[in-house]
*Asks:* 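Below is the structure I would like to discuss, written out as structure tokens.
Quick caveat, the model's predicted, so the values are computed rather than measured.
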Amino acid sequence: MAVEKKSSRGAKGPPPKGKAKSSSKSSSQSSGSGTLIAVAVLGVLVAGVVYAHQAGHLNSYVEALQQGSAPSQKSPIDAVKDEIKNADAEFQQAETEKDAKTPPTKDAASKPAKKVNPEEDKAADDKKKQEGDAAKKAKKQGSAPSQKSPIDAVKDEIKNADAEFQQAETEKDAKTPPTKDAASKPAKKVNPEEDKAADDKKKQEGDAAKKAKKQKKPVRILQASIGAKEADYEIRQEIRAADRLHTKKKYQEALTEFRRLLKGNPKCIRCKYGEGAALHELADKQRSNKLVQEAIAAYKETCTWSGGRRSVRVAGCLAMSGRMSFMGQSRQSVKLLDTVLADLSEDVKILEEIGLQCLISAMNKKAKSALTRLLELDPENGFGLGHLGFVYKLELRYEEAVPLMFAGLRGNDDRSREPRFYYHLGDALQRLNRSDEAYEVYSQGADSGNFNSMYQRSTYNAPNLKAQPWWTPEETPYAADIKRIEKHWKTIRDEGLAVMNLNQGGFDKEEENLRKEGDWGQFTLFQQGHVLEDNCRKVPKTCKIMKSIKDAAGCKRGQVKYSVMQPGTVVWPHCGPTNCRLRFHLGLVVPDDVHIRCGNDTRTWYEGKTIVFDDSFEHEVWHHGKSFRMVFIMDFWHPDLTQRQKEELSPI
Ligand code: LMR
Ligand code: MN
């Protein structure tokens with residue numbers, strides 16, 4: 001299977017340098033990789049921004065196998081290990097609680113609780129420091145939204161959350177994005193060689209840092225944590241023995257053993273959890289949907305165990321929810337977490353999980369209330385800070401989003417440091433006219449290995465693909481195809497115009513919130529490697545030509561579509577989600593004064609001619625002309641991908 005990396009090495013080509021353009025804006029790459037989502041990745045379109053990227057919604061191992069597996073950032077095994085690790089931490093905590101119940105020694109009792117000084121923490125970490133500096137700088141520049149700490153800001157937010165949410169909803173309905181003159185200033189030019197060297201170095205450092213980070217966290221397999229005075233305690237030796245089987249990856253034997261223990265000790269919650277964990281591993285190993293359902297059932301029993309120890313119940317709930325999410329059942333999971341768990345509904349871990357699953361299933365309002373409550377209970381919660389910021393970003397409330405997302409990056413939870421958080425924080429900053437800070441964030445995103453480079457910010461990447469913003473057809477293996485397509489450009493144009501004229505509904509409005517202003521419609525013929533037959537019937541000759549061109553029609557990480565922009569349209573700078581495609585634009589109707597910038601270069605279209613760019617690099621479009629512009633967009637697989645990769649990469 002093709003290995004998919006969140007980002008690969010630094011860009012080979014000359015990226016634009018310096019703060020690219022001061023025009024404040026940017027946009028929504030539908031970013032993101034699932035956190036607990038191992039295979040199922042749900043497309044969640046909210047205000048045009050996707051939390052987990054649409055990727056064909058793989059519901060099961062079977063589908064995953066058929067489709068060549070998904071953009072899993074985490075293997076099912078890793079996911080379960082994470083859960084086990086979490087569970088483990090919970091168990092540790094339980095042990096501590098248990099210890100606390102035994103009369104403390106004088107010494108222990110007099111020991112002051114460990115104080116956490118966030119300032120010290122900050123100073124200790126270089127990266128955090130940089131981010132702190134950025135925030136300070138922002139304050140100095142007077143561009144920081146307020147003098148308040150993010151936490152205070154959140155507290156205020158909590159007060160006003162409902163009212164403001166209503167307002168946001170209304171604004172969204174009104175669909176009147178703020179208007180600002182999008183003057184197109186040329187980006188600063190740099191020496192590409194120097195830049196490349198610097199990029200490579202940064203990248204290497206980033207990779208090393210990432211590796212070190214990973215190695216710091218050894219995965220610990222289930223450790224027996226057994227509640228005193230509970231059914232578990234009586235059989236602690238047996239539980240530990242069954243755990244050892246699990247640790248040795250003898251999952252079938254562990255399962256049998258936990259089930260045997262449960263027979264004799266029906267109140268042993270720890271045994272039920274052990275059963276779930278063994279089933280979970282077996283499901284992954286055998287790629288069996290039936291087993292994963294059984295694992296979910298066992299975890300659910302753990303989660304809802306009457307009289308069971310809280311920490312084990314929480315671990316069961318989290319594991320249950322993680323598996324349900326994996327199966328594309330985020331909504332159902334939220335429902336369960338919500339209704340079944342009256343007494344756990346204020347648990348910080350449960351609130352995090354509800355927030356996450358709500359985001360995955362586009363229940364943003366509910367996500368917001370869970371995350372808000374979470375921060376009331378635990379104001380320093382890094383997950384809560386970053387994710388609540390993300391929700392504000394989805395609501396296009398950039399001023400509120402920025403300090404929270406900054407705090408998330410500085411915080412104590414890696415899940416708020418996933419690539420999408422760098423992407424959307426920078427995006428919000430760009431849209432607030434704070435480009436300097438945006439590029440600091442992007443640069444940190446690149447340094448930490450989350451982006452290929454600060455200008456190429458796709459997050460679904462294959463490693464080692466040639467990376468440059470602009471290409472010529474001759475630099476690709478598709479030059480002959482393009483010649484053939486160009487020969488028929490008038491046919492393609494006329495069929496597109498007919499759809500435009502006869503059927504206003506044929507074109508869909510751009511919905512990813514990429515428009516700063518104006519009107520931009522698309523009419524899609526191929527998507528994720530599939531033909532849209534209904535649309536193709538309206539442009540039969542065009543589709544016939546394209547059907548014969550497999551690297552475009554079959555490009556699972558792209559589309560073939562008409563794109564029409566009306567005068568006055570301005571598109572925020574943005575990056576596409578993947579580096580696995582090159583975007584070909586055939587000019588069909590091209591008035592004066594319409595421009596596209598990708599990387600450092602600004603170009604325009606010519607009727608009957610094709611331009612090629614890599615849309616994983618930052619690009620933007622502005623149309624200051626007098627009549628509509630129509631282009632035909634064809635995404636082709638990146639020429640460096642192998643046949644096997646083309647077959648196995650998940651659709652986007
Ligand atoms: C984009 O993909 O962002 C634009 O280039 C599309 C277009 O129609 O110009
Ligand atoms: Mn684009």
*Asks:* Does the side chain of Ser333 come under 3.5 Å of the side chain of Gln357 through a donor N or O and an acceptor N or O?
*Replies:* no
*Asks:* Using modelled atom types and a 3.5 Å cut-off, is there a donor and acceptor pairing between side-chain atoms of Arg457 and backbone atoms of Pro419?
*Replies:* no
*Asks:* Between the side chain of Arg557 and the main-chain N/O of Cys580, is any donor-acceptor distance below 3.5 Å?
*Replies:* no
*Asks:* Would you check if the side chain of Ser288 reaches a backbone N or O of Asp284 as a donor-acceptor pair within less than 3.5 Å?
*Replies:* no
*Asks:* Taking all heavy atoms of Gln528 and all of Ile652, pick out the closest pair and write down the distance.
*Replies:* NE2-C, 3.3 Å
*Asks:* Are Arg644 and Glu647 within salt-bridge range, i.e. N to O under 4.0 Å?
*Replies:* no
*Asks:* Using the ring of Tyr273 (Phe, Tyr or Trp, six-membered ring only), decide whether Arg270 places NZ or CZ under 6.0 Å from its centre and within 45 degrees of its axis.
*Replies:* no
*Asks:* Could you walk me through whether Leu245 and Thr256 pass the side chain to side chain contact (heavy atoms under 4.5 Å, CB included) check?
*Replies:* CA-CA 10 Å; Leu245 291 171; Thr256 307; over 6 Å; no
*Asks:* Taking side chain as C-beta onward, heavy atoms only, is Tyr299 less than 4.5 Å from Met324?
*Replies:* no
*Asks:* What's the shortest heavy-atom distance between Ser325 and Ser330, and which atoms?
*Replies:* OG-OG, 3.5 Å
*Asks:* Any cation-pi pair here, Arg236 with Tyr233, using under 6.0 Å and within 45°?
*Replies:* yes
*Asks:* Mind checking whether Phe451 and Tyr422 have parallel, tilted or perpendicular rings, split at 30° and 60°?
*Replies:* perpendicular
*Asks:* Any donor-acceptor pair under 3.5 Å linking the side chain of Lys556 with the backbone of Leu649?
*Replies:* yes
*Asks:* To the closest 0.5 Å, what do you measure between NZ (Lys368) and CG (Leu374)?
*Replies:* 15.0 Å
*Asks:* Identify, with sequence neighbours excluded, every residue that meets salt bridge (Lys or Arg N to Asp or Glu O under 4.0 Å) alongside Arg260.
*Replies:* Glu257
*Asks:* Side chains of Glu380 and Asn412: do they bring a donor and an acceptor to under 3.5 Å?
*Replies:* no
*Asks:* Please check: side-chain N/O of Ser321 versus main-chain N/O of Cys317, any donor-acceptor pairing under 3.5 Å?
*Replies:* no
*Asks:* Before giving the answer on side chain to side chain contact (heavy atoms under 4.5 Å, CB included), spell out for Phe383 and Leu388 the whole-Å C-alpha distance, their side-chain angles and the decisive distance to 0.1 Å.
*Replies:* CA-CA 8 Å; Phe383 179 89; Leu388 185 61; over 6 Å; no
*Asks:* Verify, without hydrogens or angle tests, whether Asn579 (side chain) and Ala462 (backbone) share a donor-acceptor contact under 3.5 angstrom.
*Replies:* yes
*Asks:* Working note: Lys393 + Glu400, criterion salt bridge (charged side-chain N to carboxylate O under 4.0 Å, His left out); need CA distance, chi angles, decisive distance, verdict.
*Replies:* CA-CA 8 Å; Lys393 170 63 168 56; Glu400 289 100 331; over 6 Å; no
*Asks:* Any side-chain heavy-atom pair from Asn289 and Met327 closer than 4.5 angstrom?
*Replies:* yes
*Asks:* Rounded to the nearest 0.5 Å, how far apart are SG of Cys303 and CG of Leu318?
*Replies:* 8.5 Å
*Asks:* Measure the shortest side-chain to side-chain distance between His387 and Leu404 over non-hydrogen atoms and say whether it is less than 4.5 angstrom.
*Replies:* no
*Asks:* Evaluate the side chain to side chain contact (heavy atoms under 4.5 Å, CB included) criterion for residues Leu371 and Leu351: first the C-alpha distance (whole Å), next the side-chain angles of each, then the deciding distance (0.1 Å), finally the verdict.
*Replies:* CA-CA 7 Å; Leu371 294 166; Leu351 283 167; over 6 Å; no
*Asks:* Output, in order, the C-alpha distance, side-chain angles, deciding distance and verdict of side chain to side chain contact (heavy atoms under 4.5 Å, CB included) for Leu336 and Lys300.
*Replies:* CA-CA 9 Å; Leu336 274 173; Lys300 186 176 164 191; 3.7 Å; yes
*Asks:* Is any side-chain heavy atom of Tyr392 less than 4.5 Å from a side-chain heavy atom of Val402?
*Replies:* no
*Asks:* Parallel, tilted or perpendicular: which describes the rings of Tyr251 and His246, with under 30° parallel and over 60° perpendicular?
*Replies:* perpendicular
*Asks:* Between Glu281 (side chain) and Ala278 (backbone), is there a donor-acceptor pair under 3.5 Å?
*Replies:* no
*Asks:* Identify the two heavy atoms, one from Glu352 and one from Asn381, that lie closest to each other, and give their separation to 0.1 Å.
*Replies:* OE2-ND2, 2.9 Å
*Asks:* With distance as the sole test, does Asn265 use its side chain to make a donor-acceptor pair with the main-chain N or O of Cys268 at under 3.5 Å?
*Replies:* no
*Asks:* May I have the step-by-step check of salt bridge (charged side-chain N to carboxylate O under 4.0 Å, His left out) for Lys335 and Asp338, ending in yes or no?
*Replies:* CA-CA 5 Å; Lys335 231 181 189 167; Asp338 230 18; over 6 Å; no
*Asks:* Quick one: closest heavy-atom pair of Asp347 and Val314, and the distance?
*Replies:* OD2-CG2, 3.5 Å
*Asks:* Taking only residues two or more places apart in sequence or in another chain, which ones pass side chain to side chain donor-acceptor pair (under 3.5 Å) with Gln332?
*Replies:* none
*Asks:* What closest approach, in Å, do Asn461 and Asn452 show between heavy atoms, and which atom pair accounts for it?
*Replies:* ND2-OD1, 3.7 Å
*Asks:* If I compare all heavy atoms of Lys646 with all of Leu641, which pair ends up nearest, and what's the gap?
*Replies:* CE-O, 3.7 Å
*Asks:* A side-chain contact here means heavy atoms from C-beta on lying under 4.5 Å apart; do Lys263 and Arg259 qualify?
*Replies:* no
*Asks:* Step by step, would you call Glu353 with Lys349 a salt bridge (charged side-chain N to carboxylate O under 4.0 Å, His left out)?
*Replies:* CA-CA 6 Å; Glu353 183 66 15; Lys349 288 277 163 222; over 6 Å; no
*Asks:* Are Lys267 and Asp232 within salt-bridge range, i.e. N to O under 4.0 Å?
*Replies:* no
*Asks:* To the closest 0.5 Å, what do you measure between CG (Leu279) and NZ (Lys290)?
*Replies:* 9.5 Å
*Asks:* Mind checking the CZ-CZ spacing from Phe406 to Phe421? Nearest 0.5 Å is all I need.
*Replies:* 14.5 Å
